[in-house]
Amino acid sequence: MSRTVQLRRYNLKPHLVDEFLVWWPSLLVPARAAYGFTVESAYLNRETAEFTWAVSAEGDQDEFRRLEQVWMASPERTVVFEGIDGWNDSTVIAFVEQLA
């Protein structure tokens, strides 16, 4: 079965980068994994506070969107984001194709 990959790029608030880097792998990644998502890669440009990661799920874009809706409405997501006032100033999210 094919996988759909979504690239997510965040312009983090510089003063929250280190806090984000503790929260993301310890809380967000395992919670999303429980909903069928796999982190393919993650990169930080510390100089610009830009965090880019790729997350995938089995199936086509419609299936990814369906899983995303389930995740967004989940009590687990509510817990993961509880007390967070926003890590980033902007976000770019898009489906991408692997070329190499």
Side-chain angles (χ1 to χ4, degrees):
M1 180 173 251
S2 66
R3 295 190 73 77
T4 296
V5 178
Q6 187 183 69
L7 191 65
R8 305 174 70 89
R9 186 172 53 234
Y10 306 154
N11 288 314
L12 299 173
K13 295 175 182 173
H15 67 285
L16 296 177
V17 168
D18 290 331
E19 189 177 334
F20 175 85
L21 292 176
V22 170
W23 170 84
W24 184 81
S26 64
L27 294 175
L28 182 67
V29 171
R32 284 194 71 133
Y35 281 81
F37 296 99
T38 300
V39 173
E40 299 292 334
S41 63
Y43 299 92
L44 173 68
N45 179 337
R46 193 172 287 274
E47 194 173 297
T48 62
E50 184 178 82
F51 180 75
T52 303
W53 62 297
V55 60
S56 70
E58 284 192 25
D60 61 13
Q61 288 184 17
D62 288 338
E63 177 61 10
F64 190 104
R65 286 184 187 100
R66 187 193 69 75
L67 288 172
E68 186 101 297
Q69 286 178 336
V70 172
W71 158 247
M72 294 296 282
S74 74
E76 290 82 1
R77 185 184 184 282
T78 301
V79 169
V80 166
F81 281 89
E82 189 173 4
I84 294 174
D85 190 24
W87 301 110
N88 50 321
D89 291 321
S90 66
T91 303
V92 176
I93 300 171
F95 290 113
V96 295
E97 300 173 37
Q98 184 173 359
L99 300 177

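If you read the sequence from its start, that first residue is 1, and numbering goes on from there. Quick caveat, the model's predicted, so the values are computed rather than measured.
Between Thr4 and Phe95, the closest heavy-atom pair is CG2-CD2, 3.4 Å. Pairing each heavy atom of Gly36 with each of Arg3, the nearest pair is O-NH2, 4.5 Å. Between Leu12 and Leu44, the shortest heavy-atom distance links the atoms CD1-CD1, 4.4 Å.
A 4.5 Å side-chain heavy-atom check between Glu68 and Gln6 finds at least one atom pair inside the cut-off. Side-chain atoms of Trp71 and Phe37, non-hydrogen and from C-beta on, do get closer than 4.5 Å to each other. Side-chain atoms of Val55 and Phe64, non-hydrogen and from C-beta on, do get closer than 4.5 Å to each other.
Ser90 OG to Lys13 NZ: the interatomic distance, rounded to the nearest 0.5 Å, is 11.0 Å. For the atom pair OG1 (Thr91) and CZ (Phe51), the distance works out to 11.5 Å, reported to the nearest 0.5 Å.
Side chains of Gln61 and Arg65: a donor-acceptor N/O pair is present below 3.5 angstrom, by distance only.
Taking hydrophobic clusters as Ile, Leu, Val, Met, Phe, Trp and Tyr residues chained together by side-chain heavy-atom distances below 4.5 Å, Met72 does not share a cluster with Val92. Residues Ile84 and Trp53 share a hydrophobic cluster, clusters being chains of Ile/Leu/Val/Met/Phe/Trp/Tyr side chains in contact below 4.5 Å.
A cation-pi arrangement is present between Arg77 and Phe81, with the terminal nitrogen or guanidinium carbon under 6.0 Å from the aromatic centre and inside a 45° cone about the axis.
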Anything under 3.5 Å between a donor and an acceptor, one on a side chain of residues 14-31, the other on a protein residue two or more places apart or in another chain? List them.
{"unit_1": "Asp18", "atom_1": "OD1", "unit_2": "Arg46", "atom_2": "NH1", "d": "2.9"}
{"unit_1": "Trp23", "atom_1": "NE1", "unit_2": "Val80", "atom_2": "O", "d": "3.0"}
{"unit_1": "Ser26", "atom_1": "OG", "unit_2": "Val22", "atom_2": "O", "d": "2.6"}
{"unit_1": "Ser26", "atom_1": "OG", "unit_2": "Trp23", "atom_2": "O", "d": "3.4"}

**Request:** For Leu67 and Tyr35, run side chain to side chain contact (heavy atoms under 4.5 Å, CB included): C-alpha distance rounded to whole Å, both residues' side-chain angles, the deciding distance at 0.1 Å, then the answer.
**Result:** CA-CA 7 Å; Leu67 288 172; Tyr35 281 81; 5.8 Å; no

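Remark: the backbone N or O of Arg9 is not paired with any side-chain donor or acceptor of Thr52 at under 3.5 angstrom.
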